[in-house]
Amino acid sequence: MFNKKIFTKAILLLSFISLFSDIASEMLYPVMPVYLKSIGFSVLLIGILEGLAECVAGLSKGYFGNLSDKMGRRVPFIKWGYLFNALSKPMLAIFINPLWIFFARTLDRFGKGIRTAARDALLSQETTKENKGKVFGFHRSMDTVGAAIGPVLSLIYLYYHPGQYRWLFVIAFLPGLLVVALSGFLKEKKIEAENTNRKPVHFLTYLKYWKKSPPAFKKLVPALLTFTLFNSSDAFLLLALKYKGFTDLQMIGFYISYNLLYALLSYPLGVIADKIGLKKVLVSGLAIFAFVYFLFGWASSVWQFVVLFLFYSIYAASTEGISKAWITNVSKEEETATAIGFFTSFNSIITFISSALGGLIWVCYGPKVMFMFSGIGVALVVVYLTLPYLSERVVKKANGHS
């Protein structure tokens, strides 16, 4: 049984909201490129659409995170964000005009931008520093269960209705509606509004947070963003399977299995992180990522890919929720949403750059070079995060012998 003192009503609600929201989103993720091509979008136009949508999401995360802190409120941002996410799903199926598709897809990402920082700040607000790993790990676990269920539902639907993509967007609206209903039960918890100077919040005001952010934040965030630069889209892992001759069914099977393992491991690794330290678990996860990417370009047999995806799920469970838990621990409570918004804003933009860079290296030099490039880059991030810890150990030992 979960400890009610740790897993409050708000934490459980946010976790189930994320589960159903990801079911809706991941139902569409595998078919989105195929659907867009079927209504006349070129590969270039699809790339521009996704890039624009991610940039909108990235910039809005910072703005709305800052606004949430200034207002001292979380719940309205969460509700409106999930509402926009839900509405965008059927909109993609109503008209096929490119401008309409751009609007609907951007609305979905804009909704994510509105809710992300406020939601994570509320999760942080509902727990203590000693339990952040558990809470963020559990939330990430529920989120990822949805990411595993969504593609399965999509596969079942397409098995009986091959090529009929439009109705899938309408069906995805149903879990979206459930998300909107569940968000109605969230209650605002009073916090001190960060609005002492009463200045208006402009779209890029959150960038000023860097100057006044704590030293620990300034050490952590550059490392995480550098990791993001070398961490190309998971789509390249699936493309590598296709490159090695795996079928579409096998590829999707790997993706679903990865998400299930990721979901199962997120909470236990959160518990471990609370016991031994968030930094140790996160750095271990990054080291595992480097190990997987070093070997991925050379793998060829089924068992090799099974082992690599197993380790990759451990990496994901060790980093996603843990990194946010760490950021909230080094930030003031009244500035948590701004801190998360600042990080996730740049993270979204760099993710777009990373995927473009990964694609360029793949096309020019092949998958082996791309995976090695990423592995080496992340290994350097591990060294950067580990060196201060090793230096401290050396100093302590030296002091102990003196």
Side-chain angles (χ1 to χ4, degrees), residues 10-11 14 18 54-82 84 109-129 132-133 135-136 139-140 183 186 188-228 278 282 319-352:
I11 290 170
L14 287 171
S18 288
E54 284 304 322
C55 284
V56 168
L59 291 171
S60 56
K61 284 174 186 175
Y63 170 71
F64 286 108
N66 190 212
L67 187 61
S68 174
D69 281 339
K70 292 289 184 181
M71 293 176 62
R73 303 183 71 188
R74 311 296 188 207
V75 174
F77 297 93
I78 297 170
K79 288 181 177 179
W80 279 104
Y82 281 115
F84 287 159
R109 297 294 84 191
F110 184 62
K112 186 171 184 177
I114 293 173
R115 64 175 165 82
T116 297
R119 181 202 64 198
D120 291 339
L122 183 56
L123 282 171
S124 174
Q125 198 178 320
E126 285 285 324
T127 188
T128 61
K129 286 188 175 184
K132 290 280 182 74
V135 168
F136 278 90
H139 176 265
R140 175 52 53 184
S183 68
L186 289 171
E188 194 71 68
K189 187 176 181 180
K190 273 197 171 185
I191 60 170
E192 184 182 343
E194 205 265 302
N195 61 352
T196 52
N197 52 18
R198 298 284 179 181
K199 290 182 180 178
V201 179
H202 299 296
F203 197 66
L204 297 176
T205 301
Y206 71 92
L207 296 176
K208 295 179 181 178
Y209 175 72
W210 178 255
K211 285 186 178 180
K212 65 174 182 177
S213 62
F217 182 87
K218 289 178 179 175
K219 289 179 182 178
L220 173 61
V221 167
L224 294 177
L225 293 179
T226 303
F227 162 65
T228 301
L278 298 173
L282 187 136
T319 55
E320 279 286 335
I322 302 298
S323 60
K324 288 185 177 180
W326 194 354
I327 288 171
T328 61
N329 271 357
V330 299
S331 308
K332 295 179 182 178
E333 183 178 342
E334 66 272 17
E335 295 177 336
T336 304
T338 304
I340 292 174
F342 183 96
F343 166 67
T344 53
S345 173
F346 280 95
N347 196 59
S348 293
I349 295 167
I350 293 175
T351 296
F352 174 58

message: Within the 4.5 Å heavy-atom criterion, are Y63 and L67 side-chain neighbours or not?
response: yes
query: How about K208: does its NZ atom have over 12 heavy atoms from other parts shown lying under 6.0 Å from it?
result: no
query: Which residues pass the side chain to side chain contact (heavy atoms under 4.5 Å, CB included) test with E126, sequence neighbours left out?
result: T8, A10, I11, L122, K189
query: Hey, what do you get for OG (S331) to CZ (F343), rounding to the nearest 0.5 Å?
result: 11.5 Å
- line: Residue pairs meeting side chain to side chain donor-acceptor pair (under 3.5 Å), one or both in residues 342-352, sequence neighbours left out, come to K61-S348, Y206-S345, T228-N347
message: Between Y209 and N66, is there a side-chain heavy-atom distance shorter than 4.5 Å?
response: no
task: Only counting residues at least two apart or in another chain, list the ones meeting side chain to side chain donor-acceptor pair (under 3.5 Å) with T205.
output: none
task: Compare all side-chain heavy atoms of L123 with those of T328 and state whether any distance is below 4.5 angstrom.
output: no
field: Nearest-0.5 Å distance, NZ of residue K332 to OG of residue S213
entry: 10.5 Å
Any E188 side-chain heavy atom under 4.5 Å of R74 side chain: yes
- request: Taking the side chain as every heavy atom from C-beta outward, state whether E335 and I340 have any pair of such atoms under 4.5 Å apart.
  value: no
Gap between atom OG of S68 and atom CG of D120 - 0.5 Å precision: 11.0 Å
- line: The complete set of salt bridge (Lys or Arg N to Asp or Glu O under 4.0 Å) pairs with one or both residues in residues 339-350, sequence neighbours excluded, reads none
task: Locate the shortest heavy-atom distance separating S18 from Y82; write the atom from each residue and the value.
output: OG-OH, 3.6 Å
field: side chain to side chain donor-acceptor pair (under 3.5 Å) against S124, all qualifying residues, sequence neighbours excluded
entry: K132
task: Can you measure from OG (S323) to CZ (R140) and round to the nearest 0.5 angstrom?
output: 8.5 Å
Non-hydrogen atoms of I322 and L278 that approach each other most closely: CG2-O, 3.5 Å
task: Look up atom CZ in F64 and atom CE in M71, then write down how far apart they are to the nearest 0.5 Å.
output: 10.5 Å
For a quick test of your reading: what N or O donor-acceptor pairs under 3.5 Å do the side chains of residues 109-118 make, sequence neighbours left out?
{"residue": "R115", "atom": "NE", "partner": "N85", "partner atom": "OD1", "Å": "2.7"}
{"residue": "R115", "atom": "NH2", "partner": "N85", "partner atom": "OD1", "Å": "3.3"}
{"residue": "T116", "atom": "OG1", "partner": "K112", "partner atom": "O", "Å": "2.6"}

- request: Measure across G65 and A337 and return the closest heavy-atom pair with its distance rounded to 0.1 Å.
  value: O-CB, 3.2 Å
query: Taking C-beta and beyond as the side chain, do Q125 and T336 meet within less than 4.5 Å on heavy atoms?
result: no
field: Pairwise distance NZ(K324) to CZ(R119) - rounded to 0.5 angstrom
entry: 5.0 Å
- prompt: For L207 and F346, what are the C-alpha separation, side-chain angles and deciding distance, and is it a side chain to side chain contact (heavy atoms under 4.5 Å, CB included)?
  reply: CA-CA 10 Å; L207 296 176; F346 280 95; 3.5 Å; yes
field: side chain to side chain contact (heavy atoms under 4.5 Å, CB included) partners of L220, counting only residues at least two apart
entry: L224, W326, I327
Pairing residues for P222 by the side chain to side chain contact (heavy atoms under 4.5 Å, CB included) criterion, not counting sequence neighbours: W210
field: Atom of K211, atom of K218 and distance for their closest heavy-atom approach
entry: O-NZ, 3.2 Å
